Every structure is written in structure tokens, then in C-alpha cells.
Amino acid sequence: QGFAQLAPLGLTFDGYLYHPQLPELIDLAHAFPDTTIVLNHVGGAIGIGPYAGKRDAVFGEWQASLRALARCTNVCVKIGGLGMRLFGFDFTNRARPPSSEDLARAWRPYIEACIEAFGAQRCMFESNFPVDKGSCSYAALWNAFKRVSAQASAAEKQAMFSGTASEVY
């Protein structure tokens, strides 16, 4: 009943969940097609705990769910949060902080999968700071986004870096 009040009030729902929970968000998006839903942190493709060492399998499952979710036109995605320990990248264990090149190389498959599934008009880059500070600098994070999106058109970059967020919020 509470969720049903969001659209009439012009409000959005931001959801952060883990990749095994994406089917539940798909069901929610289908049940409330007039409510704008924002998937945070690319949908939490877990890379630690029981998912450690299973990056390819997790990526495949995550990507299939992401594509299904993208078919719900009321959903968009925040691209970021990849610096969190949850994703299983080893940046927090390194002696030196990662460069933007390191981040772009590691994160590119996730970022490109989001853009491919949702299109630039339904994607928005996010910093997730201060949480991501544990693995990288603010400048390196944004420069990594710039590196990954370097081949995008000016309109696509405008959408991902500001336009989508302005429209959604």
C-alpha cells in the first residue's frame, strides 16, 4: 500500500539490493509500472563470501537479470558503488591506490553491461562517496567513468553524467 503512494506523489523508489534479489525488483517494477525505480550500485553483483572466485558465473547471472530488469521501462540504473568491498575487487588490499586506468579496466564490463541494457538515457553515474573512498580516490573514480564512456556521444555523456539524474530527481 505504501509503495502504491509513490507515483501519485511524484516520488521515486531507490533500491539497493544484491544480484540474487534482482528478480524480486523485476516483479516490483511489473506490479508498479507507473513508479520510477532506480537500481543503485549496478545491482550489487557480489564478489565476496560464497561468491568469491565465481566472478564469471556471478556476472552471467547478474547480466541476465539486469537485461530482464531493463525491459521494465520504469527502471533506470545508477552506475557506481563498484568500489565497495562487496564487489570483490582487490583494490583495498593493494599497497597503492588504483589509478583510473585500473578502475576502468576492472569496472568496464559492469558499466558497459548497464549501458547496453538500459541505454545511456536510463543510466546515471554515481560516486557512492564516502563509502568508495576505501578503495579509490574521488578523482580516480570519476576519471574511470570518463575513460569507460570516452566513445559515447555527447548526448549520451550528458545523460549519464547529469541528464538522467536531473530528469529522475
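If you read the sequence from its start, that first residue is 1, and numbering goes on from there. Remember, it's a predicted structure, so these values are computed and weren't measured experimentally.
- Looking at R55, its side chain does come within 3.5 Å of a backbone N or O of G88 through a donor-acceptor pair.
- Other residues, nucleotides and ligands contribute only 12 or fewer heavy atoms inside 6.0 Å of the OH atom of Y18.
- Residues C114 and I111 are not in side-chain contact: their nearest non-hydrogen atoms beyond the backbone lie 4.5 Å or more apart.
- Proximity of a side-chain donor or acceptor of E167 to a complementary backbone N or O of T164 within less than 3.5 Å is not detected.
- I26 and L28 fall within a single hydrophobic cluster, where Ile, Leu, Val, Met, Phe, Trp and Tyr side chains are chained together by heavy-atom contacts under 4.5 Å.
- The environment of CD in Q5 is crowded: more than 12 heavy-atom neighbours from other residues, nucleotides or ligands sit within 6.0 Å.
- Smallest separation of non-hydrogen atoms from F59 and A113: CZ-CB, 4.2 Å.
- Put simply, the side chain of K146 never gets that close to the backbone of W142: no donor and acceptor are under 3.5 Å apart.
- Here the side chains of C136 and P98 are in contact, with some heavy-atom distance below 4.5 Å.
- Aromatic ring centres of Y110 and W62: separated by under 6.0 Å.
- Listed by first and then second residue, the salt bridge (Lys or Arg N to Asp or Glu O under 4.0 Å) pairs involving residues 99-126 are R67-E116, R94-D102, E101-R147, D102-R105, R108-E112 (not counting sequence neighbours).
- Under the 3.5 Å distance criterion, the side-chain polar atoms of S65 are left unmatched by any main-chain donor or acceptor of P23.
- By the side chain to side chain contact (heavy atoms under 4.5 Å, CB included) test, A7 is found to be paired with D34, T35, residues two or more places apart in sequence or in another chain being considered.
- Between the CG atom in L25 and the OH atom in Y16 there is a gap of 13.0 Å [rounded to 0.5 Å].
- Residues I48 and I46 have side chains in contact (heavy-atom distance under 4.5 Å, counting atoms from C-beta outward).
- A 6.0 Å sphere centred on CZ of R85 holds no more than 12 heavy atoms belonging to other residues, nucleotides or ligands.
- Listed here is the closest heavy atom pair of A120 and A159: O-CB, 3.5 Å.
- Checking side-chain atoms of N74 against main-chain N and O of F32 turns up a donor-acceptor pair under 3.5 Å.
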Determine whether F125 and L141 satisfy the following criterion, side chain to side chain contact (heavy atoms under 4.5 Å, CB included), listing intermediate values before the conclusion. CA-CA 10 Å; F125 289 122; L141 178 137; over 6 Å; no
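- For Y51 and H19, the gap between ring centers is short of 6.0 Å.
- Between the side chain of S135 and the backbone N or O of D132, at least one donor-acceptor pair lies under 3.5 Å.
- By the 4.5 Å heavy-atom criterion applied to side chains, W107 and F89 are counted as neighbours.
- D14 is linked by a side chain to side chain contact (heavy atoms under 4.5 Å, CB included) to T12, V38, N40, K78, Y169, counting only residues two or more places apart in sequence or in another chain.
- Among all heavy-atom pairs drawn from S137 and F129, the shortest one is C-CZ, 3.6 Å.
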Go through the steps for M160 and F145 under the test side chain to side chain contact (heavy atoms under 4.5 Å, CB included), then give the verdict. CA-CA 10 Å; M160 294 184 291; F145 291 157; over 6 Å; no
